[in-house]
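Notes to accompany the following structure.
Just so it is clear, the model here is predicted, and its values are computed rather than measured. We number each residue from 1, following the sequence as shown.
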Amino acid sequence: MKSWQWTALLLCCFGFFKEFRPSEPYVTKFLIDFKNVTKEQVVQIAYPIATYTYLGVLPAVFLLTDLLRYRLIIFVEGVGFVAVYAMLIWGEGLTNLKILEVLYGIASATEVAYYTYIYAKVDKEHYKVVTSYTYSAIFIGNLIAAIASQLLVSFNLMNYYELNYLSLGGTGLAFLTVFFLPSVRQSIYFYPKYDEHTPKIKFHQRLTRAYTFLFRDFKAAYSNSYILKWSIWWCMATAVHLQVASYSQSLWEVISPEDAENEGWNGGVGAAQASLSAIFAIGVARLTVPWEKWGETYLFVISILQGVMLIWMAQTNNIYICYILYVIYRILYQVLITVASAEVATRISEESYGLIFGINTFGAVLIQTIITIAVTGEEGLALNERDQFTVYGAYSIILGVLFVCAAIYTLLCTKSSTNHDRSPSLAHLDKNDST
């Protein structure tokens with residue numbers, strides 16, 4: 001087996017086991033039933049802490065990932081997820097839950113090391129192959145975990161508490177995989193490959209050079225209006241998507257608090273969402289669509305549709321309708337984020353993938369944090385679940401209006417450019433006619 005294939009196999013194992021967390025579809029119900037905390041404490045106090053932590057540590061994690069050359073940060077990610085599930089099993093009370101959410105935020109932020117490790121360790125010609133393998137492993141891990149959780153709950157083989165042992169086992173195996181990952185001698189910005197053939201430089205010189213390279217790639221990407229447009233949608237849409245994914249279980253609790261049969265479908269909904277999202281994302285990737293011409297129109301239509309669905313979710317009393325709307329909403333997001341990632345990636349250098357994707361992620365988490373403080377957290381309005389989803393729906397509709405304005409502007413610019421290109425030819429014809 002070649003070295004890049006061995007690296008790809010280890011990354012796939014890590015991604016698969018990290019995502020094999022069967023307790024995730026039922027975590028809100030588990031906390032309420034087993035950990036002596038109220039739904040309001042979970043939604044308004046505990047969950048926002050993970051968002052705040054994620055935002056606070058993400059910039060430092062990104063720089064440390066490149067400076068420490070990836071593997072140590074992946075190690076921290078593994079430790080973080082293991083600690084989270086250990087505390088879910090053996091910890092008690094609100095204080096334990098707060099600490100747990102801090103660790104979850106740190107572990108989530110350190111995922112950037114996993115996604116950028118590829119670009120430092122694998123040769124360029126294998127980037128796409130290894131990236132597709134790792135994303136497939138993540139998808140399969142998520143899907144199998146959702147299916148397993150649904151079957152185990154439906155057949156009364158495990159309760160919500162016992163599912164956490166499977167999640168601990170999955171994250172534990174992911175942590176063990178880190179020890180076999182090859183070390184990285186180079187990184188994108190602090191230790192570029194050509195350093196091997198140059199004398200050693202001092203740390204402050206390395207830091208200055210890294211800043212220069214970072215700013216160069218940042219400017220090259222975001223001075224491109226097309227990349228900027230897709231990145232704005234990326235940040236704004238991902239922010240509300242993260243909120244929907246985080247708080248959907250609490251909404252389901254409100255819609256159907258007493259019906260155990262309905263509550264037991266969380267795993268099936270997760271499995272349906274994961275599998276259908278992957279199928280549609282692969283399908284749209286194979287379509288030939290002139291996104292430069294029609295991108296804003298698709299963003300407008302889908303954002304408006306998502307907004308309507310979120311408001312409908314907030315108003316319905318039928319849990320099955322809410323499930324269906326949730327799945328469709330997340331499929332639409334997955335399709336468009338796949339398009340956005342591809343459109344951005346094709347217009348930047350391969351070495352800057354991690355930087356630009358990381359900045360877009362940071363922008364999304366920043367907006368999510370603002371939404372959390374204003375809408376969800378006890379510092380702000382602390383809205384109930386139905387009102388929260390009404391706000392998320394209105395937000396998506398406003399996002400759609402923003403992009404319909406962009407679509408009109410693009411159309412007018414295209415029409416003006418066409419008229420400008422045609423005018424010399426018309427003048428030439430007029431001149432010939434007069435002659």
Margin query: ring pair (Phe, Tyr, Trp, His ring centres under 6.0 Å), that's the test. Do Phe34 and Tyr26 meet it? Break it down for me.
Written below: CA-CA 12 Å; Phe34 289 88; Tyr26 302 99; over 10 Å; no
Has [X] got more than 12 heavy atoms of other residues, nucleotides or ligands less than 6.0 Å from its [atom1]?
X	atom1	value
Asp387	CG	yes
Tyr133	OH	no
Tyr211	OH	no
Phe180	CZ	no

Note to self: Closer than 4.0 angstrom, basic N to acidic O: yes or no for Arg347 and Glu292?
What the structure shows: yes
Checklist line | Sidechain N-carboxylate O distance under 4.0 Å for Lys39, Glu253 | finding: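 Not counted as a salt bridge, because no side-chain N and carboxylate O are separated by less than 4.0 Å.
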Regarding [X] and [Y], do their side chains bring together a donor and an acceptor under 3.5 Å, going by distance alone?
X	Y	result
Tyr47	Thr372	no
Ser349	Ser352	yes
Thr131	Tyr115	no

Check: Do Met158 and Leu166 pass the side-chain contact (heavy atoms from CB on, under 4.5 Å) test, and can you show the C-alpha distance, the side-chain angles, and the key distance before you say yes or no?
Finding: CA-CA 10 Å; Met158 281 188 170; Leu166 296 180; 3.7 Å; yes
Heavy-atom pair of closest approach, residues [X] and [Y]:
X	Y	answer
Ala221	Ile356	CB-CD1, 3.4 Å
Arg71	Leu181	NH1-O, 2.6 Å
Thr376	Gln388	OG1-OE1, 3.7 Å
Tyr85	Ser23	CE2-OG, 3.4 Å

Note to self: Check the orientation of Tyr161 and Tyr165. Use parallel for under 30°, tilted for 30 to 60°, and perpendicular for over 60°.
What the structure shows: perpendicular
Next item on the list: Look at the rings of Phe75 and Phe175 and say which category their plane angle falls in: under 30° parallel, 30 to 60° tilted, over 60° perpendicular.
Entry: tilted
Note to self: What verdict does the side-chain contact (heavy atoms from CB on, under 4.5 Å) test give for Phe62 and Phe362, after you've listed the backbone C-alpha separation in whole Å, the side-chain angles of each residue and the deciding distance to 0.1 Å?
What the structure shows: CA-CA 10 Å; Phe62 180 79; Phe362 176 78; over 6 Å; no
Item checked: Passing option when Glu343 is tested against Trp291, Tyr226, Trp230 for side chain to side chain donor-acceptor pair (under 3.5 Å) ->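 Only one of Trp291, Tyr226, Trp230 forms a side chain to side chain donor-acceptor pair (under 3.5 Å) with Glu343, namely Tyr226.
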Checklist line | Candidates His126, Glu125, Lys121 - the one meeting side-chain contact (heavy atoms from CB on, under 4.5 Å) with Trp4 | finding: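 The option that passes is His126.
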Notebook entry, point to check: Given the rule in the side chain to side chain donor-acceptor pair (under 3.5 Å) test, do Thr53 and Tyr104 qualify, once you have shown the distances and angles that lead to the verdict?
Noted result: CA-CA 8 Å; Thr53 305; Tyr104 188 84; over 6 Å; no
Both conditions, 6.0 Å and 45 degrees, for the charged tip of [X] above the ring of [Y]: are they met here?
X	Y	answer
Arg69	Tyr191	yes
Lys18	Tyr114	yes
Arg206	Tyr189	no

Notebook entry, point to check: Taking C-beta and beyond as the side chain, do Val344 and Ile348 meet within less than 4.5 Å on heavy atoms?
Noted result: yes
